[in-house]
Enquirer: 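Below are the structure tokens for one structure; questions will follow.
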Amino acid sequence: MSFLGFHRPDGQVGIRNHIGIISTVICANDVSLKIAQQIEGSVAFLHDQGCCQTPIDLNQVTKTLVNLGRNPNLAGVLLVSLGCESVLIEEIREKIALSGKPVKTLGIQKIGGMLPAIAEGCRIAQEMVIEASVIRRETFDDSHLSIGVKCGASDTTSGLISNPAAGAAFDLICDHGGTCVFGETTEFLGAEHILMRRAASPQVAEKIQKIVTRMEKRAEMMGVDMRGGQPTTGNIKGGLTTIEEKSLGAIVKGGTRPIRDVYEYGDQITEKGLFVMDSPGREPEFLTGIAATGVQLIIFSTGIGAPQGFPFVPVLKISGNPQTQRCLAGHIDKVIELPEKGTDSLAKAGQDLFEEIKAIASGKKTKAEVLGYGQFSNIFTVGPVI
Amino acid sequence: MIKKKAIVINSKDNVATALDDLKAGEVIQEEINSIKKNIKLNQDVPFGHKFSLKEIPSGSPVIKYGETIGTASMAIKTGDYVHIHNVKSNRGRGDIKGGVL
């Protein structure tokens with residue numbers, strides 16, 4: 001059992017071969033986007049951070065950008081900065097370059113503004129794309145798979161149908177020696193006792209409790225009932241009454257294997273097995289965080305129908321809601337049927353999804369990739385903009 | 001094959017999830033712990049939403065997946081539509097615990 005991927009100098013395996021045009025600060029987004037629009041084979045990562053934040057958040061942004069740059073789906077990286085921001089482009093360049101991949105930089109103020117920056121950025125990106133294009137796909141066994149999971153625009157079908165299927169696929173990937181990552185800490189509230197029972201050690205169980213308490217306190221700080229924010233208006237319309245109900249359905253997507261460790265948002269994960277990344281549930285921040293762990297592909301389980309992907313990590317959309325499957329057929333990659341009790345239909349759904357993951361890993365495109373849906377991302381921060 | 005109208009996930013549950021748009025007055029047959037029970041719906045229950053399998057007194061836990069998903073904020077009768085109007089969450093309640101802002 002195997003898939004076709006791209007070998008990277010640090011030993012990781014990519015399933016795409018993009019050149020990443022990464023903004024180091026919000027002020028560089030306009031230039032990064034123009035370069036990526038012009039240069040076939042390059043993709044932009046845009047976000048709203050990088051300046052006028054407390055050092056805690058600046059460090060989180062720096063770490064996340066470094067680990068995004070190290071994601072194996074990128075063959076090379078062009079970092080684009082304005083020049084006066086607090087996040088340091090040279091530090092980011094050096095840390096990504098430790099992975100052995102080519103990393104170039106571009107400063108908008110230094111080069112003379114937007115037009116020269118776009119011209120120079122396009123010239124650099126063009127060269128990098130041609131250089132990367134000679135890398136051939138090779139055969140790798142399934143232990144080289146590193147997969148994330150997310151559920152979004154959830155309704156009750158998520159917890160009943162598509163999340164269990166994602167969990168069954170996760171179990172198979174873990175059993176083949178691969179890496180699986182899930183998160184969305186807000187959606188552990190009311191279900192954390194179940195996850196803690198699955199922790200590989202008492203220390204890991206403690207970490208799960210810690211990130212749940214921390215996330216709940218952040219929500220409670222506002223002095224209101226968080227219902228309406230979590231679960232969202234759409235979740236409630238879809239039949240989810242409380243965060244506890246949403247959580248109990250959400251954690252199923254992480255499968256049933258032991259949770260080996262808990263990582264902070266934006267950390268890189270190079271170990272094998274099942275891991276938790278502390279993260280919020282909102283798509284632009286979550287998808288960025290899980291891409292930074294180094295996953296090659298993200299399974300995205302949706303009820304009502306979330307359309308977005310991510311610039312350089314394919315997002316495989318699955319849904320168990322028959323209406324969504326019909327109305328949003330242009331966004332759903334794989335339909336999941338309600339598992340029948342006492343049958344092996346859930347195991348079959350997991351096996352089918354595992355095969356689809358390997359097809360996409362080997363080059364098959366997802367619907368979000370073809371549509372180009374998912375150009376706008378963000379990085380999760382905890383403090384104020386100051 | 002007759003399509004199931006609702007699903008009870010765990011035998012401890014006191015609510016079922018509708019697998020179709022169900023109408024007030026409809027009688028739903030559910031088998032819980034091998035005991036067949038007929039439940040007449042008191043209100044419409046949309047696809048994916050919940051109804052009560054038994055009386056749930058105000059202040060008692062509402063149970064799905066065999067776990068507490070919230071607390072009844074009023075008395076819930078057998079066959080009642082169960083959602084945000086009669087269930088409150090026990091988590092993320094800054095309104096009760098008080099915020100810092």
Side-chain angles (χ1 to χ4, degrees), chain A residues 154-161 163-164 185-194 212-213 215-231 233 235-252 303-304 320-324 338-341 384, chain B residues 1 3-22 30-32 44-52 56 61-73 76 80-101:
Chain A
S154 297
D155 61 19
T156 49
T157 66
S158 306
L160 284 175
I161 309 170
N163 290 347
T185 313
T186 325
E187 293 161 36
F188 293 177
L189 267 69
E192 64 268 51
H193 56 292
I194 300 168
V212 169
T213 304
M215 190 63 87
E216 189 167 21
K217 277 191 178 150
R218 276 185 204 131
E220 287 173 351
M221 232 168 59
M222 305 310 288
V224 293
D225 182 355
M226 73 172 194
R227 185 152 72 176
Q230 279 284 16
T233 302
N235 297 151
I236 293 168
K237 201 176 165 209
L240 294 169
T241 303
T242 62
I243 187 64
E244 297 94 307
E245 182 183 10
K246 182 175 176 178
S247 297
L248 289 161
I251 59 160
V252 178
I304 303 157
N321 183 323
Q323 194 185 340
T324 302
L338 180 70
E340 289 171 47
K341 253 190 181 163
Chain B
M1 194 178 100
K3 200 183 154 203
K4 256 177 91 77
K5 287 190 169 176
I7 183 168
V8 180
I9 299 159
N10 187 291
S11 60
K12 291 181 202 155
D13 293 358
N14 54 16
V15 293
T17 302
L19 294 177
D20 207 345
D21 286 325
L22 306 177
E30 277 302 331
E31 195 177 303
I32 305 149
D44 291 353
V45 181
F47 169 82
H49 290 235
K50 297 175 289 301
F51 59 88
S52 178
I56 308 173
V62 177
I63 298 166
K64 181 182 168 184
Y65 299 106
E67 302 279 344
T68 300
I69 63 161
T71 301
S73 56
I76 298 172
D80 272 359
Y81 175 38
V82 174
H83 204 20
I84 55 170
H85 59 287
N86 52 13
V87 182
K88 58 185 182 188
S89 171
N90 299 318
R91 304 296 298 268
R93 296 296 301 268
D95 55 328
I96 296 168
K97 293 188 182 171
V100 297
L101 295 180

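Values below: every heavy atom of this structure, side chains too, minus hydrogens, waters and symmetry copies. All chains are named by letter (A, B, ...) in the order of the sequence lines, taking the proteins before the strands, and each is independently numbered beginning at 1.
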Enquirer: Check each atom of B:K50 against the heavy atoms of chain A and say whether the ones under 4.5 Å are side chain, backbone, both or neither.
Expert: side chain
Enquirer: Among A:E245, A:E187, A:E192, which one satisfies salt bridge (Lys or Arg N to Asp or Glu O under 4.0 Å) with B:R91?
Expert: A:E192
Enquirer: Considering only heavy atoms and a distance below 4.5 Å, find which of B:V45, B:N90, B:T17 pairs most often with chain A.
Expert: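 Going by pairs under 4.5 Å, I would pick B:N90.
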Enquirer: Taking only residues two or more places apart in sequence, or in another chain, which ones meet A:T185 in a side-chain contact (heavy atoms from CB on, under 4.5 Å)?
Expert: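 Partners of A:T185 by the side-chain contact (heavy atoms from CB on, under 4.5 Å) criterion, ordered by chain and then number, come out as A:F188, A:I211, A:V212, A:M215, A:D278.
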Enquirer: Sort out for me which of A:T157, A:L189, A:T186 touches chain B most, counting heavy-atom pairs under 4.5 Å.
Expert: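 Most pairs with chain B among the choices: A:L189.
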Enquirer: Taking side chain as everything from C-beta outward and backbone as N, CA, C, O, which of these in A:P231 sits under 4.5 Å from a heavy atom of chain B? Side chain, backbone, both or neither.
Expert: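 When you check distances to chain B, no heavy atom of A:P231 falls under 4.5 Å.
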Enquirer: Heavy-atom pairs under 4.5 Å with chain B are the metric here; pick the option from A:D155, A:I194, A:T242 that has the most.
Expert: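 The candidate making the most pairs under 4.5 Å is A:T242.
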Enquirer: Just wondering, do B:D21 and B:F47 contact through their side chains at under 4.5 Å, heavy atoms?
Expert: yes
Enquirer: Is the B:H83 ring parallel, tilted or perpendicular to the B:H49 ring (thresholds 30°, 60°)?
Expert: perpendicular
Enquirer: Under the rule for side-chain contact (heavy atoms from CB on, under 4.5 Å), what residues qualify as partners of B:I84, not counting sequence neighbours?
Expert: A:R227, A:I236, A:T241
Enquirer: Non-hydrogen atoms of chain A under 4.5 Å away: do they reach the side chain of B:V82, the backbone, both or neither?
Expert: backbone
